[in-house]
Amino acid sequence: MDKIAVKVDDLTVAYNYKPVLWDIDLEIPEGVLMAIVGPNGAGKSTLIKSILGILKPIAGSVTIYGKSYEKQRKLVAYVPQKGSVDWDFPTTALDVVMMGTYGSLGWIKRPGQKEKKSALEALEKVGMLAFKSRQISQLSGGQQQRIFLARALVQNASIYFMDEPFQGVDATTEIAIINILKELRKAGKTVIVVHHDLQTVPEYFDWVTFLNVKKIATGPVKDIFNDDNLTKTYGINYQVSIQE
Amino acid sequence: MNSAQIEIQLIASLVAIACAIPGTFLVLRKMAMISDAISHAILPGIVIGFFVTQDLNSPVLILLAALTGIITVVLVEYIQKTGLVKEDTAIGLVFPALFSIGVILIAKNANDVHLDVDAVLLGELAFAPFDRLLIGGTDVGPKSLWVIGSILLVTISLLILFFKELKVSTFDTGLSASLGFSPAIIHYGLMSVSSVTTVGAFDAVGAILVVALMIAPAASAYLLTTDLKKMLALAISFGVFSAVFGYWVAHWLDASIAGSITTMLGIVFLLVYLFAPSKGIIAVMYRERQQRTEVSLLTFLLHLKNHEELEERHVNHLYEHINWQKVRARSVLDLAQKNNMILIEKNIVSLTKKGNEFTSKAIDYIITNEDSQIEDMKDDFFLFRG
């Protein structure tokens, strides 16, 4: 197997002493496009947030290419759930994308022409250049998600974490986003996506992790995306037809 | 204008600027009420600080009192984290408790403390010029001017240095944390600045006006702009305008300065609330009316498109068929005619080429709901402008 991009060891996370993730061991190889699937409350977002140091686990550790997240921040880009921010915030699409460059700038230093140029390039890549000066509340749900994707692209990272990037977007945007994700994988990046729509897993992803508080299974979609694992994860007799 | 008047206006303006800066971020973070909590809860800090230093403008007193502000925030967050009560309830529990301790301390020591409850609530801006700062025997101006001036200088420096960090952590906490800009550090930094500003402004304008100066200018600015820097600039302008104008209103009416400034802040907000170009009440009402008319127009055009029969398209039958009142039907008919979308011949209405195309396009959009098609429609139509 290739290099391991993300390694999670014995990770346990609790809210008010109630575990939402229990003893997770996970190895994500470099260069996969991976879906994290599981029912509501399975801890999918929590897993991503714990890997990124946004939530503090009560036990376990996470490494990115063998080192702690704090040391590898610049290798990682994160797209939060669209609903987690206030879209009435007084700012423009371009400005939101520029925020992706803040990490490499560090404290105090301000973004300049170079940062603006890469933000404009990212906007073009997601087909949103024409909207660069638009106030973000004036964008549709799909457009807002594209802006978030552009913000992650601008970070020029090796590993991308995305929390439900397809939620509330139109079909065109969904295809545009998945094409960009596939391009990233082609360029050797690792992409990890919290995903809801089980039907599209075989079509979009090559790697999958089943999660329901505990890790159920992880591996290549063609090997482990089956009724057995789905039933273990969702607790009911789950049947999806997998296209060959 | 005598020098005391100039000094009062200068102090009021500096207080307004110092309040508008943290206030803008409090409003954007939906934490307006925390400024109310801080402004009341610092009272025991001020009283105890006064026992220790015997000087209302001492930096030690300001830091002691600001510490009470931080304690308030910590207590509110602690109570809220237990999950037993919500944030607003936690605020409502913490600050009256601390404020009442302050009130009791003042009452118990009323004889030796140069503080009373009226001054605490409304400030003593009119007396500010009497308390002078002497350096080597030379009078360099009122003490409160120097106090608020120093606080403002620190606030502006922090704003310039950490503007980017404040912006990203206010807009997107998750991203901010993942990029390494600890939201907790920025949060407590903002709380500290708010607390220090509140204490510095307290002596001049009191516990109630401080809240108004933090929230009202920022709330007014929020309705007028979609740019954070412009929002800050507008909030500062509204604050200074209200401070200066409020002072003169107080002068003409021979009334409380603090009360007049607060009233001005309220009037400014009311005017913006009514007349703001896109978010104001009048603009919103106009837009809704326009959208209603457009929906009617579209319904009417669609009716024409779907019905070839002459009787369905006879002017007099329209009222019955679409089930509209005459006035409304008339105005829709006029609107369609004005835009060359329909033709009326011998009382029979028919779509023109333009009307036909327009209807197809609109229906297409409504059915597919695709972003790409909506863009050029937005220019013609309120209906599609979100």
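Letters A, B, ... mirror the listed sequences (proteins, then strands); counts begin at 1.
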Locate the shortest heavy-atom distance separating [X] from [Y]; write the atom from each residue and the value.
| X | Y | result |
| --- | --- | --- |
| A:M99 | B:V168 | SD-CG2, 3.9 Å |
| B:S178 | A:R73 | O-NH1, 3.4 Å |
| B:A177 | A:I54 | CB-CG1, 3.8 Å |

Region of [X] in contact with chain B, defined by heavy-atom distances below 4.5 Å:
| X | result |
| --- | --- |
| A:F161 | neither |
| A:V96 | side chain |
| A:E70 | neither |
| A:Y15 | neither |
| A:D88 | both |

Within a 6.0 Å radius of atom [atom1] on [X], are there more than 12 heavy atoms belonging to other residues, nucleotides or ligands?
| X | atom1 | answer |
| --- | --- | --- |
| A:K182 | NZ | yes |
| B:Y188 | OH | yes |
| B:K279 | NZ | yes |

Any heavy-atom pair between the side chains of [Y] and [X] that's under 4.5 Å?
| X | Y | value |
| --- | --- | --- |
| A:R151 | B:L175 | yes |
| A:D86 | B:R29 | no |
| B:T173 | A:P80 | no |

Side chain, backbone, both or neither: which part of [X] has a heavy atom under 4.5 Å from chain A?
| X | value |
| --- | --- |
| B:F181 | both |
| B:L224 | neither |
| B:K167 | both |

| task | Could you have a look at A:D95, A:V76, A:V79, A:T92 and say which one has the most heavy-atom pairs with chain B under 4.5 angstrom? | result |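 Ranked by heavy-atom pairs under 4.5 Å with chain B, first place is A:D95.
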From [X] [atom1] over to [Y] [atom2], what is the distance, rounded to the nearest 0.5 angstrom?
| X | Y | atom1 | atom2 | answer |
| --- | --- | --- | --- | --- |
| B:S278 | A:Q135 | OG | CD | 8.5 Å |
| B:M231 | A:T91 | CE | OG1 | 12.0 Å |
| B:L161 | A:K109 | CG | NZ | 14.5 Å |
| A:E115 | B:K164 | CD | NZ | 9.5 Å |
| A:Q155 | B:L179 | CD | CG | 5.5 Å |

| task | Show your reasoning for whether side-chain contact (heavy atoms from CB on, under 4.5 Å) applies to A:F89 and B:D172. | result | CA-CA 10 Å; A:F89 192 84; B:D172 191 338; over 6 Å; no
| task | Look at the aromatic rings of B:F171 and A:W87 and report parallel, tilted or perpendicular, splitting at 30° and 60°. | result | perpendicular
